[in-house]
Amino acid sequence: MNSFFKRRYIIQGIFILVALILLGKLYYIQVVDDSYKLSADNNVLRKLIIYPARGVILDRNHKILVQNEPVYDLMVIPGQVKEMDTLEFCKLIKIDKSDFDKAFKKAKNYSLYRASLFQKQLSALTYAAFQEKLFEFPGFYVQNRSVRFYPDSTSAQFLGYIGEVNEREIEKFDGFYSQGDYIGKTGIEKSYEELLRGQRGVRNIMVDVHNREQGSFFDGKYDTTAVSGEKLISSLDKKLQMYGEMLMQNKIGSVVAIEPATGEILASISSPGYNPNIMVGRQRGNNYMKLLKDPFKPMFIRPIQAEYPPGSIFKVINALVAQQFGLISSNTYYNCPGGYRYGRRGFMGCTHVHGTINLAQSIETSCNTYYGYTYARMIDQTGAKPVNAYKRWREAVMKFGIGATLDIDLPAERKGLIPTSDYYTKSFGNDKWTSAFNISLSIGQGELGITPLQMANVTAIIANRGFYYKPHLIKAIGDKQIIKEEYTKKNSAGVDTKYFDAVIEGMSRVVNVPNGTAYNARINDIEVCGKTGTVQNPHGENHSVFIAFAPRINPKIAIAVVVENAGYGSTWSAPIASLIIEKYLRDSISRPKYYTDRLVHANLLPGQKKLYVRPGVKPDTTKSNRILVQPATLPENKKSL
Amino acid sequence: MNNQNRNFFFNVDFLTIVLYLCLLAIGWFSIHAAVYNEDEALITLANNSGKQLIFIIVAIIVGAVILLLDSKFMFAFSPVFYGITIFLLILVLIVGRNVGGNQAWIPIGSFRLQPSEFAKWATSLLLARHLSVNNAKLTEFRTLLPTLAILGVPVILIIMQPDAGSALVFISLIFVLYREGLSPLYLVAGVMMVLLFILTLLYSKLYIILGLVFVLAILIYNYRRYRSLIATFVGGFILCLLFIFSVDFVYNNILKPHQKVRIELLLGLVKDPRGAGYNVNQSKIAIGSGGLWGKGYLQGTQTKFNFVPEQSTDFIFCTVGEEWGFAGSFVVVGLYLFLLMRIIHLAERQRSPFSRIYGYAVACIIFCHFFVNIAMTVGLMPVIGIPLPFVSYGGSSLLSFTILLFILIKLDSNRMGIV
């Protein structure tokens with residue numbers, strides 16, 4: 001020991017002081033400051049979303065319309081790739097060496113330790129061959145994904161398609177979706193999105209510094225499992241649907257067939273259509289643009305979005321409404337001298353001189369004169385002011401489910417058009433107008449817009465003699481086969497059952513009497529009731545329209561067919577409807593092959609050469625294109641429709 | 001009693017050995033936790049914990065061998081050890097393997113020898129021998145100059161590797177010199193240098209000079225009757241001024257860019273949690289997330305999933321902090337403090353100055369490692385890569401610390417004799 005002995009205490013003091021400083025700092029960051037715990041969780045915790053399988057959609061006979069098909073994405077973690085036989089690898093997945101180098105470089109640039117997509121959507125066949133050799137290529141693995149697949153490429157516009165969510169959808173669903181998620185964009189995929197998408201699961205995993213998975217967090221205590229989307233059973237009959245699509249090929253138009261007793265849509269065809277499978281996968285963007293640019297607008301869902309003046313089929317509604325108002329009866333006779341005179345100079349031509357005919361005959365012959373009188377009675381001769389009478393008429397007509405949406409389970413349904421009385425008052429300048437002002441409404445021409453779905457629904461009302469169920473495409477949801485309540489509610493058309501007899505008798509004669517306008521649509525042993533329409537159209541040839549239901553007693557199917565720019569209702573629409581009816585009721589076709597072939601092979605797209613109409617097929621005699629709606633009192637602004 | 005064949009453990013300080021073994025055990029379990037992998041066998045030579053087990057066994061054998069040696073041997077051979085390490089330090093500059101920018105390792109088979117680790121105890125031995133000879137007086141240049149040479153040669157060689165951390169350890173030997181009579185002014189000067197260095201980086205020179213003038217005025221006023229002291233104060237003031245103006249030069253021309261960044265990070269002058277600040281940031285997260293009681297053994301997510309770099313070696317304390325919490329940190333810090341106090345106690349009870357001086361050298365070296373390492377992991381010091389004694393992974397480090405400590409234990413067991 002020397003004289004500096006006491007300095008040991010100073011040294012010891014310094015040591016103790018330093019240790020206390022360290023402990024102070026440790027106490028602060030470990031016990032006082034909580035932020036480090038949060039940072040630690042952020043470091044290791046990752047929430048993985050587990051996507052459920054999207055619900056499948058079946059047809060009414062449980063045949064698959066849309067399903068999920070597995071595709072195999074080849075993934076790579078570049079940091080785990082060892083030396084390997086690149087040539088063999090390329091041969092297995094069918095790419096060449098330069099593609100390999102490019103893809104690998106891209107993955108490497110992204111991250112050495114995170115997985116990136118190496119090759120998108122290997123086919124099942126390639127995958128099968130590759131899978132056996134997978135162990136030779138560490139760092140590569142295959143990830144299953146599922147895409148929508150349409151085994152029969154049918155009903156594209158109604159099933160709709162899915163796509164990545166956009167900003168607006170993310171906002172709308174309040175954060176349910178995040179960038180890159182898929183959502184139904186159109187059709188059933190959209191309107192039943194919430195049922196189809198299922199419930200997402202969450203898996204909490206821990207990752208290491210390179211983001212490699214290191215096992216589950218708390219043994220999965222906070223995980224939730226994914227629940228698959230609901231199975232939807234459509235009312236569509238796939239066989240019928242495809243048959244209809246075949247008949248409608250190379251034509252622009254719609255077919256809507258409804259089961260009157262339920263409102264279930266049996267077939268819904270929008271032509272031209274497209275193959276739904278092209279809206280899946282890598283070429284989706286290109287295909288989408290092609291469809292958008294197509295002049296025939298395959299993305300346009302004609303049955304619910306195309307609005308046409310109904311033409312002569314509207315006479316049926318006028319006949320029913322006028323009876324309900326008590327203004328005509330089945331025994332009301334009018335004389336047809338070949339046209340209807342109205343106002344001072346107005347004349348609405350008729351196809352023939354029908355002479356004195358009753359209600360049923362007026363339907364059978366589609367007499368314009370008869371309905372000119374009938375309409376005039378409803379508007380001018382009720383004792384009320386014509387404007388008010390028109391209002392009452394409009395209300396009664398709208399009860400048939402037209403002029404407003406039918407709330408079908410599809411997005412973007414159009415409501416059609418029945419002008420309000422105000423519209424005419426405005427056009428005319430005052431409210432002193434009469435039936436002469438819009439006499440064309442008597443025969444379904446003029447300012448009317450009705451969708452093919454509404455036409456079919458009107459047909460179902462007639463078949464049911466006075467009521468309808470809202471038409472719908474999904475008849476049952478999930479394994480429990482739940483049906484939406486609104487589709488089980490009976491809606492009245494406001495016309496008593498007894499008033500339908502004469503109308504149905506007339507419609508039956510249209511098809512079944514040799515002089516009827518759709519005699520070529522008759523089916524042996526099935527009493528089809530129908531009504532043709534030939535719709536004037538400022539853009540070109542008339543639209544061919546036909547509505548029908550069958551059988552007359554206890555009807556099973558009500559159908560509306562519209563073929564744009566095709567001419568007479570009886571030439572194209574009636575035989576197409578007739579074939580679909582027979583197909584549905586009998587599952588076989590009794591007509592000769594040429595009958596079907598003529599329809600299948602007809603190309604009625606605009607710009608095609610005029611088709612030869614087979615002799616023996618009686619031309620439509622309604623010829624509403626000949627009617628002269630003299631717009632003596634019509635102002636010019638009518639074109640605003 | 002002075003029988004040469006007396007019991008092997010005669011007079012050995014068991015308390016120190018127990019403390020030593022405790023730290024070894026904590027070290028091994030921490031390394032095991034850091035490299036733990038459920039898929040691997042519990043103990044395998046393929047990973048660090050398996051290798052460390054071998055190092056521990058070798059270290060304990062070496063420790064036992066040292067206890068068998070004669071105390072006089074240490075005294076007599078200290079120049080030889082010193083010579084050998086200086087030779088190795090030169091050799092490493094020529095044939096050494098460059099790992100992470102430092103040419104500090106000589107590869108021998110599958111292991112690597114780090115001469116700077118052994119330089120610590122060889123220098124301590126020679127220093128002790130030099131200062132323990134009769135009439136050594138640190139206040140005189142004839143003693144001080146060789147002392148500085150003994151310290152300076154290895155420091156310069158280590159800086160050339162360059163390994164600033166290991167060089168720093170030699171500076172801690174200033175406490176030994178202080179204990180042996182060096183003027184406390186050197187300690188004060190050292191503290192002043194560090195203080196001024198930091199202040200100069202943080203604030204404008206003008207404020208610092210004004211502050212110094214203010215302090216000088218108070219000191220002169222208080223000690224106005226002691227002329228000699230006033231001269232010292234003024235001299236110190238001038239030195240401080242010179243130092244302040246040299247800081248920029250040192251900082252810009254001598255320190256390496258990564259060292260500058262580390263200092264700037266520590267002082268909060270820059271923030272870069274993903275780049276240069278990553279290590280310390282992650283280290284603090286790991287320790288800080290431990291809480292009071294820790295996450296439990298092998299449950300530390302930050303260390304297990306490699307968020308903390310160098311976690312078996314320099315950042316081993318993170319494992320302790322994360323898995324055992326503040327309680328574990330407290331125990332480890334406490335063990336070191338206890339060991340340091342014990343070593344000083346052993347040093348002070350020696351009759352021979354050689355043993356005492358060597359004891360203090362051991363205490364200083366362990367203290368320096370302990371302080372710098374833990375301070376670095378909690379962000380109190382810039383990142384300086386030196387291991388935590390007995391705990392960090394590494395054969396050279398463990399072996400050299402064992403030799404360092406066991407020579408003291410051996411000297412202590414012989415405290416009744418005179419070396």
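Residue numbers start from 1 in every chain, and the chains themselves are labelled A, B, ... in the order their sequence lines are given, proteins ahead of strands. Side chains are part of it too, since the values below use all heavy atoms of this structure and drop only hydrogens, waters and symmetry mates.
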Minimal non-hydrogen separation, [X] against [Y], with atom names:
{"X": "I287(B)", "Y": "Q30(A)", "value": "O-NE2, 3.1 Å"}
{"X": "S329(B)", "Y": "L23(A)", "value": "O-CD2, 4.3 Å"}
{"X": "R7(A)", "Y": "P184(B)", "value": "NH2-CD, 3.4 Å"}

Does atom [atom1] ([X]) have a neighbourhood of more than 12 heavy atoms from anything else shown, all under 6.0 Å?
{"X": "F173(A)", "atom1": "CZ", "value": "yes"}
{"X": "E88(A)", "atom1": "CD", "value": "yes"}
{"X": "E171(A)", "atom1": "CD", "value": "no"}
{"X": "L125(A)", "atom1": "CG", "value": "no"}

Practice problem: Name, in order of residue number, those residues of residues 312-319 of chain B that have a heavy atom at a distance of less than 4.5 Å from a heavy atom in chain A; otherwise write 'none'. | Solution: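 Within residues 312-319 of chain B, near chain A: F317(B).
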With only heavy atoms counted, which part of [X] is less than 4.5 Å from chain A, the side chain, the backbone, both or neither?
{"X": "I374(B)", "result": "both"}
{"X": "F367(B)", "result": "side chain"}
{"X": "Y336(B)", "result": "neither"}
{"X": "A363(B)", "result": "both"}
{"X": "L138(B)", "result": "neither"}

Working to the nearest 0.5 angstrom, can you tell me the gap between [X] [atom1] and [Y] [atom2]?
{"X": "F330(B)", "Y": "Y27(A)", "atom1": "CZ", "atom2": "OH", "answer": "11.5 Å"}
{"X": "I11(A)", "Y": "M341(B)", "atom1": "CD1", "atom2": "CE", "answer": "10.0 Å"}
{"X": "E322(B)", "Y": "Y36(A)", "atom1": "CD", "atom2": "OH", "answer": "14.0 Å"}
{"X": "I14(A)", "Y": "L340(B)", "atom1": "CD1", "atom2": "CG", "answer": "12.5 Å"}
{"X": "Q12(A)", "Y": "I344(B)", "atom1": "CD", "atom2": "CD1", "answer": "4.5 Å"}

Quiz item: Looking at L187(B), L292(B), L337(B), which has the largest count of heavy-atom pairs under 4.5 Å with chain A?
Solution: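 Greatest number of close heavy-atom pairs with chain A: L337(B).
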Quiz prompt | Options D33(A), I21(A), I10(A), ranked by heavy-atom pairs under 4.5 Å with chain B, top entry | solution =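 Sorted descending by pairs with chain B, the first entry is I10(A).
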Quiz prompt | Test item: F4(A) and E180(B) side chains (from C-beta on) under 4.5 Å apart, heavy atoms | solution =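 F4(A) vs E180(B): side chains apart.
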Quiz item: How about V378(B) and Y28(A): do any of their side-chain heavy atoms sit closer than 4.5 Å?
Solution: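 When only atoms from C-beta onward are counted, Y28(A) and V378(B) do not touch, as no gap falls below 4.5 Å.
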Quiz item: With only heavy atoms counted, which part of I16(A) is less than 4.5 Å from chain B, the side chain, the backbone, both or neither?
Solution: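 Contact with chain B: backbone and side chain both.
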